[in-house]
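Everything below concerns the one structure shown next.
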Amino acid sequence: MRNQSFAPIYEALIEFRRNRVVPFDVPGHKHGRGNPELVKLLGKQCVELDVNSMKPLDNLCHPISVIREAEDLAAEAFNAAHAFLMVGGTTSAVQTMVLTASKKGEKIILPRNVHRSVINALVINGATPIYVNPDVDKRLGIALGMKIAQVEKAIEENPDAVAILVNNPTYYGVCSNLKRIVELAHAHGMMVLVDEAHGTHFYFGEDLPMSAMEAGADMACVSMHKSGGSLTQSSILLTNSTVGPGYVRQVINLTQTTSASYLLLASLDISRRNLALRGKEAFKEVVNMAEYARTEINKIGDFYAYGSELINGDSIYDFDKTKLTVFTLDVGLAGIEVYDLLRDEYDIQMELGDIGNTLAYISIGDRMREIERLVSALYDIRRRYKRDRSGMFDHEYINPSVVMTPQEAFYAPKEEMIPIQETEGRICTEFVMSYPPGIPILAPGERITQEVIDYITYAKEKGCSMTGPEDPKIERLNVIKEATVY
């Protein structure tokens, strides 16, 4: 076992600063001297450590010294065969998994409620998605995990698929039976890829759902900046011994920057050390805070902070107790409306607000006094703003009608900027989604239905942050020219 108290990238940066090296390389601000306003914003110490790759600091594209040491420490901390530090966010890590496991014309089994980064990767490499439409909790309006029977059916109907991708946990904390999915996939010669963006803490906490590496998955990616405490945009890609690390590095280098930020790299190094040394204790407190908040919010009335009581042994095989999602429709407000009220009236910034839910992301930087403030604000919102819920949109996830692969649709001849109300029955060539969570309402290659149009219209009216299409107002969509539909 390596000594997890080491942080080789951080220590190399401290040594670099101590040596007072004269910079005749990039970045051009030269330790901040050329941009005093940047120094004033970020601080002298921070800007001085924004440096370029050099021999003493290694190179992320081909690490052989301190970055390699940091990755080896991360692999050990996460119980993986190999770990890769990622500076393009978990988006880059997810795309690396898909590009590593599949290529043009090959099939990959995945739930439709994936992050847009998965479908983006399919646009790039031309693999064919075999969607498993997840069950939906009709009251809460959230997609659930992959049922084992659904996975078995997808494998039986597509024995030539090369991989299965699983969201674990979902944004809302729902976990699938990951170990059984791995067993099924491996029995049929398929890889298992796990988008574990919201599950960093599974590796360090106690009494939490099983991690991807423990379940035997081939590849997984964790957003260290979400629950792990590193800087935004930093992530880690994990692989088991079934995957060749040299090829994975080549795939990473297809899309990841050659100018990696040492601020991001150092934050990953320090955060890994922090979790390895103190994660068990820290995440125990996170669970305690989330469970306390759930109990107190459910005492208010009308709000419902859901948790482990949802577990059904299949589509909700387990539940991430650190996720504090509050169902809001019974108070007569959409989740996005509560999200906006909390920010505008109470100076509380939630992670997301959708049609029926708002999510507070509880992690190692939170304290009980902030939890109390959130509970008090929700109590006050119910007192001041409660109304009849009649007319509220009562579902979130819509099963898509898939006609073409994402790559075929994205690059096909198109009719541009059609008013959205006139697109029913047409095939979309772009994405439409609320962000967060970044799960597409429409993706390239899917038929536009009136249900989808109504949902998009309602979400816009309620103030959801809508992204994806070429038209920033999302009043028009690009669709396939009808003669080109295969």
Side-chain angles (χ1 to χ4, degrees), residues 113 135-144 170-174 290-310 316 319 323-362 370-399 420-421 432-439 441 449-467 474:
N113 60 321
D135 281 2
V136 176
D137 186 305
K138 295 189 182 301
R139 179 193 174 195
L140 303 177
I142 62 171
L144 307 179
T170 68
Y171 221 136
Y172 302 93
V174 174
E291 293 283 50
Y292 170 80
R294 245 186 294 278
T295 300
E296 294 302 306
I297 291 168
N298 287 334
K299 289 178 183 177
I300 295 172
D302 296 315
F303 289 118
Y304 174 36
Y306 42 92
S308 298
E309 73 278 0
L310 296 181
I316 311 176
F319 188 84
K323 296 294 183 294
L324 180 63
T325 313
V326 183
F327 177 69
T328 67
L329 293 187
D330 288 340
V331 83
L333 296 169
I336 187 62
E337 291 176 309
V338 174
Y339 171 99
D340 287 340
L341 284 169
L342 285 168
R343 183 196 60 232
D344 298 340
E345 301 290 332
Y346 301 91
D347 295 325
I348 294 173
Q349 180 61 56
M350 301 292 274
E351 170 66 13
L352 72 79
D354 60 30
I355 296 301
N357 304 272
T358 187
L359 169 65
Y361 212 103
I362 313 297
E370 283 90 19
I371 299 294
E372 296 282 11
R373 184 171 167 183
L374 173 61
V375 172
S376 297
L378 289 173
Y379 178 88
D380 201 47
I381 286 173
R382 180 182 182 272
R383 179 183 64 83
R384 296 173 60 195
Y385 296 100
K386 176 178 167 58
R387 60 181 183 237
D388 187 88
R389 66 164 289 177
S390 58
M392 300 292 292
F393 209 86
D394 62 357
H395 67 278
E396 176 77 14
Y397 178 76
I398 301 171
N399 286 333
I420 192 168
Q421 298 298 336
V432 182
M433 72 203 79
S434 294
Y435 202 94
I439 298 167
I441 302 162
T449 64
Q450 189 60 49
E451 185 181 23
V452 166
I453 294 170
D454 291 345
Y455 177 85
I456 293 170
T457 303
Y458 184 85
K460 285 173 59 183
E461 288 174 354
K462 287 297 182 182
C464 289
S465 178
M466 307 293 285
T467 67
I474 317 186

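For the pair N357/I142, a side-chain contact is recorded, criterion being any heavy-atom separation below 4.5 Å from C-beta on. Within the 4.5 Å cutoff, no side-chain heavy atoms of L378 are placed close to those of V331. Side-chain contact between T457 and D454: absent, with no pair of heavy atoms (C-beta onward) separated by less than 4.5 Å. Using a 4.5 Å heavy-atom cutoff, the side chains of M466 and I456 are in contact. When side chains are defined from C-beta on, D302 does not count as touching R389, because their heavy atoms never get closer than 4.5 Å. With contacts defined as side-chain heavy-atom distances shorter than 4.5 Å, the pair Y304/D330 does not qualify. Contact annotation: the side chain of M350 never approaches that of Y361 to less than 4.5 Å [non-hydrogen atoms, C-beta and beyond].
Nearest approach of S308 to F319, heavy atoms of both residues: N-CD2, 3.9 Å. Scanning both residues, I355 and C464, for their nearest heavy atoms gives CD1-SG, 4.2 Å. Contact between I336 and G353 at its shortest, heavy atoms only, is CD1-O, 3.6 Å.
Few gaps surround OH on Y346; more than 12 heavy atoms of other groups in view lie less than 6.0 Å from it.
With respect to the salt-bridge test (charged N to carboxylate O, under 4.0 angstrom), the residues E296 and K299 qualify.
Between Y306 atom OH and N298 atom CG the span is 11.5 Å, to the nearest 0.5 Å. Separation of atoms CD1 (I348) and CG (L341) is listed at 11.0 Å; rounding is to 0.5 Å. I297 CD1 to F303 CZ: the interatomic distance, rounded to the nearest 0.5 Å, is 8.5 Å. With rounding to the nearest 0.5 angstrom, the NZ atom of K460 is 12.5 Å from the OG atom of S465. To the nearest 0.5 Å, atom CD of residue Q349 and atom CG of residue L342 are 9.0 Å apart. Interatomic distance, E337 CD to T358 OG1, rounded to the nearest 0.5 Å: 11.5 Å.
Partner Y172 forms a side-chain contact (heavy atoms from CB on, under 4.5 Å) with one of L144, D137, T325 and no other, that one being T325. Test I362, L324, I371 against Y292 for side-chain contact (heavy atoms from CB on, under 4.5 Å) and you get one pass: I371.
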- For the pair E309 and R294, evaluate salt bridge (Lys or Arg N to Asp or Glu O under 4.0 Å) and give the outcome as yes or no after the intermediate values. CA-CA 12 Å; E309 73 278 0; R294 245 186 294 278; over 6 Å; no

- Query: Checking side chain to side chain contact (heavy atoms under 4.5 Å, CB included) for the pair V432/I420: CA distance, chi angles, key distance, verdict?
  - Reply: CA-CA 11 Å; V432 182; I420 192 168; over 6 Å; no

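In summary, the side chains of N113 and Y171 do not present any donor paired with an acceptor at a separation below 3.5 Å, with no hydrogens or angles considered.
Residue pairs satisfying the salt bridge (charged side-chain N to carboxylate O under 4.0 Å, His left out) criterion with at least one member in residues 343-353, sequence neighbours excluded, are listed as follows: D340-R343.
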